Amino acid sequence: MSFRLLPRPHSPLLSYVSSTLFRRWNSSAPFNPHKPLQWTSSPSPGWKLGDGASKAFSEHEHALRKTWDLDKMSTTDSYKLLTSAIIPRPVAFVSTLAEDGTPNLAPFSYFSMVSHNPPLLSVSFSLSSRRPKDTRENILATKEFTVNIISEHFIEAANATAVEAPANVDEWIISGLTMEPSSLVKPACVKESLFSMECQLHFAHDILDLENSNITNTLVLGLIKQVHAKESILSKNGMVVDPGKLRPVARLGGNTYARLTDTFDVPRPAWKEVRDAVNELVGRQR
Ligand SMILES: Cc1cc2nc3c(=O)[nH]c(=O)nc-3n(C[C@H](O)[C@H](O)[C@H](O)COP(=O)(O)O)c2cc1C
């Protein structure tokens with residue numbers, strides 16, 4: 001009996017490890033998980049009504065504007081362009097069960113909050129011609145899912161679940177993450193996630209290709225029935241989440257993610273406080 005200790009020269013394991021190492025060597029700054037989030041001033045703290053953009057616009061001011069007609073672009077190019085610009089996108093880490101009980105876990109960045117009354121979130125599934133999205137199938141069949149916010153401490157594990165594995169492959173095992181039983185729905189929450197939402201299917205809408213009416217995406221609205229937050233991420237009053245403790249990861253274009261590094265407050269103007277200044281500004285324009 002011979003034992004193979006090293007992976008074969010062209011094995012997927014070897015290429016995954018070498019590409020990961022290559023990226024690591026190539027990355028410029030090492031990650032410091034303990035660096036606190038900085039509270040900074042806003043970009044132009046002296047801004048007054050009518051001031052417009054800051055001087056930072058000057059580097060773009062004379063650049064030519066390139067224009068694309070989306071109906072003349074390939075869907076691959078429009079995907080790359082739009083996902084590089086509509087950023088940063090939060091990532092829903094969605095846990096579902098197939099009708100036969102097979103668990104599934106995958107990340108989705110076509111994700112947002114839709115309303116708080118009722119509390120709804122949206123996730124959109126792009127349909128691949130190669131295979132269905134198991135998460136979509138499971139939600140439409142079972143009407144239940146959990147959405148878990150991804151923090152820096154498990155981004156690699158979450159990213160690994162995006163692998164296009166056959167439906168019977170359990171991505172929980174690939175990730176090494178842990179199931180935390182939910183209270184109201186059958187799919188588990190992700191124990192390592194600091195903020196999880198138990199959802200019921202509220203609405204699903206197929207989006208059609210404008211040329212041949214094939215389904216290209218399915219938009220799902222989830223009714224958030226219950227949320228779970230680790231007390232360690234809550235602000236002092238215990239009712240909201242402190243972003244510096246949640247340390248959420250956002251998706252940019254391609255394989256690029258982003259973390260929060262600093263935050264700033266910009267107070268929202270109250271009409272009664274700015275009315276006189278606005279009237280004066282408008283009067284000057286006449
Ligand atoms: C960060 C990230 C975000 C993603 N966002 C989406 C998305 O919004 N919609 C989508 O259809 N696929 C998205 N994908 C791809 C799916 O995660 C991938 O196709 C996965 O295999 C789907 O798993 P499933 O078939 O088990 O549902 C994303 C992948 C990554 C890594």
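We count ligands from 1, going down the list as the structure has it; atoms in each ligand are counted the same way. Since this is a predicted model, take the numbers as computed values, not measurements.
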How about Phe195 and Val227: do any of their side-chain heavy atoms sit closer than 4.5 Å?
-> yes
Any heavy atom of Asn255 sitting closer than 4.0 Å to ligand 1?
-> no
Any N or O of Ala162 that comes nearer than 3.5 Å to an N or O of ligand 1?
-> yes
Taking heavy atoms and a distance under 4.0 Å, where does Thr135 meet ligand 1: side chain, backbone, both or neither?
-> both
Specify side chain, backbone, both or neither for Ser124, according to which of its non-hydrogen atoms lie closer than 4.0 Å to ligand 1.
-> backbone
Considering only the protein, which heavy-atom contact is closest to atom 26 (O) of ligand 1, and what is its distance?
-> Asn104 OD1, 2.9 Å
In this structure, atom 3 (C) of ligand 1 is nearest to the protein heavy atom Arg251 NH1, 3.2 Å
Say whether Pro107, considering both its backbone and side-chain N or O atoms, lies within less than 3.5 Å of an N or O atom on ligand 1.
-> yes
What do we get for Arg131 next to ligand 1 when only non-hydrogen atoms under 4.0 Å count, side chain, backbone, both or neither?
-> side chain
With heavy atoms and a 4.0 Å threshold, my read on which part of Leu105 contacts ligand 1 is neither
Mind checking whether Ala106 contacts ligand 1 via backbone (N, CA, C, O), side chain (CB onward), both or neither, at a 4.0 Å heavy-atom cut-off?
-> side chain
Within 4.0 Å of some non-hydrogen atom of Tyr257, the atoms of ligand 1 are 1 (C), 31 (C)
Contacting atoms of ligand 1, where contact means under 4.0 angstrom from a heavy atom of Lys133 | 10 (C), 11 (O), 12 (N), 19 (O), 22 (C), 25 (O), 27 (O)
Phe125 heavy atoms within 4.0 Å reach ligand 1 at atoms 11 (O)
Please confirm whether Tyr110 comes within less than 3.5 Å of ligand 1 when only nitrogen or oxygen atoms on both sides are compared.
-> yes
